[in-house]
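Quick notes on the structure that follows.
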Amino acid sequence: MEKIVIPIGPQHPALKEPESFRVILEGEKIVGVSLRLGYNHRGIEKACEERTYVQDLYLIERVCGICSHSHSTCFIQAVEEIAGIEVPKRALYLRTLVGELERIHSHLLWLGVAGHEIGFDTLFMYSWRDREIIMDILADLTGNRVNYGINAYGGVKRDVSKEHLQKILKAMDTLEERTKYYVKVATEEITLIKRLSGVGRLTKADVEALDAVGPVARASGVDRDVRRDDPYAAYGEVEFKVITVDNEDVYGRTLVRVGELMESYSIIRQVINNLPDGPINVRVPRKIPAGEAFSRYEAPRGEDVHYVKANGSDKPERVKLRAPTLANIKPMLKMLENYNLADLPIIIAAIDPCFSCTDRTISIKKLDTGSSEIMDWKSLRQYSIDWYRRKGIKF
Amino acid sequence: MNKEEEIQQELINNFNFPEGSIRIPKERRIFVDVSMDKFEDVLKFLMDKTHFDTLCTITGLDDGTELGVIYHLTRQDGIVINVKTSVSKDNPVIKTIMGYFPSAEFYERELVDLLGAKVEGLPEGSRYPLPDGWPDGQYPLRKDWMSSSLVKEGQ
């Protein structure tokens, strides 16, 4: 049969973020996929080198809109390690609290997207409704729904009150009840099971060969979780199960994430019940002594890693970060092989991709003036209109 | 002797590392400096004998006259070994490690695009992460490259 190449993206109604697939089809069957990334590349690593540590913390938090606390914590841990700072216990517990709240809202978001991709929009509406409970808590706790800005060098910026904690505990009860329903749906709803089982297969051997991370790895029976293997923040002091299943498919990835939601509720209860008293931060000098550190964090999508090199000044020498989605790209291409084109959206969605994280790093504005300037919204809009006009597109 | 020191000792026994080239700054972290000619043997040793079977990522560094490359490897018990090697910036040729870690592909393409490394054995494929029209010879993560570099070119 003749092969057909279908370009999908970078701008495409079915994709939420810019990425470009070239899908080679034999009939309905996917026989090859190549991927072009980089459309979200913003030069963040270079920008970090040109800014102070204080500025970088804000910048790093904006690598991603969903797992912003993951990146900011991963980065701050590296800097604090180089500076030899001992972060107060209460701050470590609060970082863990926000980290798990973030995981819950991220997994609920995923569950909705997955439901949507398989035409189960009721699930999408339910899980996004429940996600709002967490978003409200985060706004209450930190002042923001996303980009919480809770981390500060040496600890956290805001303390929590007893009322906050009571509210969170109550929310955990509600969410646990709702999640039990999702577990029931995931294990008993026959259309969901049939639609997801055997789709996007990635064997345990594939995971080990391709270094997949997070729920994708754990759904193929690979017992890997930075929170347990390389504990940071307060994870060394809480008990939780690392959820693994042997399904090796999209259905397994669903079970793992739903199971992780239940574990997150338990972690949050432990954090709140054992929250130590004391200060929430210590002073950290603006200049960080020369040194290097490699920091890891189990983000909702998998292992996030940051490498920071300091040169003794108030600006880092080098900041390198690798978000979990980049590690799961090669495994994702493997998952697509030999499935139907119709399975492509859910297989891609099942790694819970975040291309904003993946393409973290340069985009230089073309300047006709020869000097550097910041374009305001109006001139940026005019620039784009002129650009399209030159191409002969009128609007 | 803890596990990190055991790994350090094994490396010293097998590769004659000079004093100070292996550092253990904290629990579960090891930093190793390796010369380019020994790099592949050390990598194989770490994979086969000490079971560092997962590649976290690869970091490229502009170290003045040299281009530093750090391979961050990990294993089941959470220990990370950061293996650093260097090449001259005049001729920054390194070999691909895709034969050992297929996951290295995107990380090595980043070294090519952002730091101007030449990676021998890296298969043909679309570049990452810079756009297709990006001018030749512009490597954003090199220290002499500024955001204004492109402007001077009149781009």
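Computed over heavy atoms, backbone and side chain alike; hydrogens, waters and symmetry mates excluded. No experiment lies behind these values; they were computed from the predicted model shown.
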Is there a donor-acceptor pair under 3.5 Å between the side chain of A/Glu49 and the backbone N or O of B/Lys143?
-> no

Kindly check if the number of other-residue, nucleotide or ligand heavy atoms within 6.0 Å of NZ (B/Lys89) is above 12?
-> yes

B/Leu61 side chain reached by A/Tyr307 side chain, heavy atoms, under 4.5 Å | yes

Choice from A/Arg224, A/Lys309, A/Glu292 maximising heavy atom contacts with chain B below 4.5 Å | A/Glu292

Pair A/Lys320 + B/Glu110, salt bridge at N-O below 4.0 Å | yes

To the nearest 0.5 Å, how far apart are CD1 in B/Ile79 and CG in A/Asp230?
-> 9.0 Å

Which bit of B/Tyr100 is near chain A, if near means a heavy-atom gap under 4.5 Å: side chain, backbone, both or neither?
-> neither

Polar side-chain atom of A/Arg296 near backbone of B/Gly78 as donor-acceptor pair, under 3.5 Å | yes

Within a radius of less than 6.0 Å around NZ of A/Lys334, do more than 12 heavy atoms belonging to other residues, nucleotides or ligands occur?
-> no

When you measure from the side chain of A/Asp211 to the backbone N and O of B/Thr54, does any donor-acceptor pair fall under 3.5 Å?
-> no

Does any heavy atom of chain B fall under 4.5 Å from the side chain of A/Ala293, the backbone, both, or neither of them?
-> backbone

Is it true that atom NZ of A/Lys241 has more than 12 heavy atoms of other residues, nucleotides or ligands lying nearer than 6.0 Å?
-> no

Can you find a pair of side-chain heavy atoms, one from A/Glu208 and one from B/Asp53, that are under 4.5 Å apart?
-> no

Is there a donor-acceptor pair closer than 3.5 Å between any side-chain N or O of A/Lys46 and the backbone N or O of B/Pro140?
-> yes

With a 4.5 angstrom heavy-atom cut-off, could you sort out which part of B/Ile30 is near chain A: side chain, backbone, both or neither?
-> neither

Which one, B/Thr59, B/Thr57, B/Asp62, leads in non-hydrogen pairs under 4.5 Å with chain A?
-> B/Thr59

Side-chain heavy atoms of A/Leu326 within contact of B/Tyr128, under 4.5 Å | yes

Contact summary for A/Ala209 and B/Pro102, nearest pair of heavy atoms | O-CD, 3.4 Å

Could you tell me the separation between the OG atom of B/Ser103 and the CD1 atom of A/Ile329, rounded to the nearest 0.5 Å?
-> 13.0 Å

Test: B/Asp63 and A/Arg318 ion pair at under 4.0 Å = no

In terms of heavy-atom pairs under 4.5 Å, which option from B/Arg23, B/Arg127, B/Arg109 contacts chain A the most?
-> B/Arg127

Can you tell me how far the CZ atom of B/Arg75 sits from the CG atom of A/Asp229, to the nearest 0.5 Å?
-> 12.0 Å

Distance-minimising heavy-atom pair for A/Ser295 and B/Arg29 = CA-NH2, 4.3 Å

Got a second to check how far A/Arg322's CZ is from B/Cys56's SG, nearest 0.5 Å?
-> 6.5 Å

With a 4.5 angstrom heavy-atom cut-off, which part of B/Gln76 approaches chain A: side chain, backbone, both or neither?
-> both

Heavy atoms only, distances under 4.5 angstrom: which of A/Ala47, A/Pro331, A/Ala327, A/Pro231 has the most pairs with chain B? Name it, please.
-> A/Pro231

From A/Leu37 CG over to B/Phe106 CZ, what is the distance, rounded to the nearest 0.5 angstrom?
-> 5.0 Å

Counting heavy atoms not belonging to B/Lys49, are there more than 12 under 6.0 Å from its NZ?
-> no

Choice from A/Arg228, A/Glu317, A/Arg36 maximising heavy atom contacts with chain B below 4.5 Å | A/Arg36

Where does the angle between the aromatic ring planes of B/His72 and A/Phe294 fall among parallel (under 30°), tilted (30 to 60°) and perpendicular (over 60°)?
-> parallel

